[in-house]
Each structure stands twice: as structure tokens, then as C-alpha cells.
Amino acid sequence: MAKSHHVVPATQGGWNVKKGGSSRASVHAETKKEAVDLGREISRNQGTEFLIHGKNGVIQEKNSHGNDPRNIPG
């Protein structure tokens, strides 16, 4: 997923915000809440999908901040 940003657990502890397809973190945060807040801001600014993963790597939440293909307002 190239036009996306993900909040994922960091191997060294804490949480990372990564652009889809990138191996390097854009942002590192100590808490998940901080990473989500920073990642959401980056995603809104760049108009990307925003995905929040749990500690097990499973996607817990998705938000579209880009070109949403749905014709449903809201």
C-alpha cells in the first residue's frame, strides 16, 4: 500500500509511524497514543489511508484521509 501510513509496534519498544512500503519509520513515539496522533496529522497532510495496528500486527482501525472512492458523504 503505497499511499498509506501505518502505526506499528517498534522492535526496540514504543511505536513507529511508517509510510506504506517503507522499512524506515517516519516518526518514533514512546506511546501508541502519541504515534496515532502524529500519524493521523501526517496522513491528513498527505491525503493518505491511515492504518493503526495492534501489538500483534493486526490492523485495528482504518481511516481514509485521501481520495475516498465511496460516494457516501461523511
Test item: [X] and [Y] side chains (from C-beta on) under 4.5 Å apart, heavy atoms:
{"X": "V7", "Y": "N16", "value": "no"}
{"X": "H53", "Y": "L51", "value": "yes"}
{"X": "V36", "Y": "F50", "value": "yes"}
{"X": "I52", "Y": "R40", "value": "yes"}
{"X": "V8", "Y": "K18", "value": "yes"}

- line: Output for pair (K33 NZ, D37 CG), nearest 0.5 Å, gives 3.5 Å
message: Working to the nearest 0.5 angstrom, can you tell me the gap between E34 CD and H28 NE2?
response: 8.5 Å
task: Taking all non-hydrogen atoms of both residues into account, name the closest pair between A35 and A29 and its distance.
output: N-CB, 3.7 Å
- request: Could you go through the side-chain contact (heavy atoms from CB on, under 4.5 Å) check for K19 and K3 one step at a time?
  value: CA-CA 8 Å; K19 189 169 190 166; K3 298 258 183 178; over 6 Å; no
task: Scan side-chain atoms only and decide if S4 and T48 contain a donor-acceptor pair under the 3.5 Å cut-off.
output: no
- request: Would you please say whether a donor-acceptor pair under 3.5 Å links the side chains of K55 and Q60?
  value: no
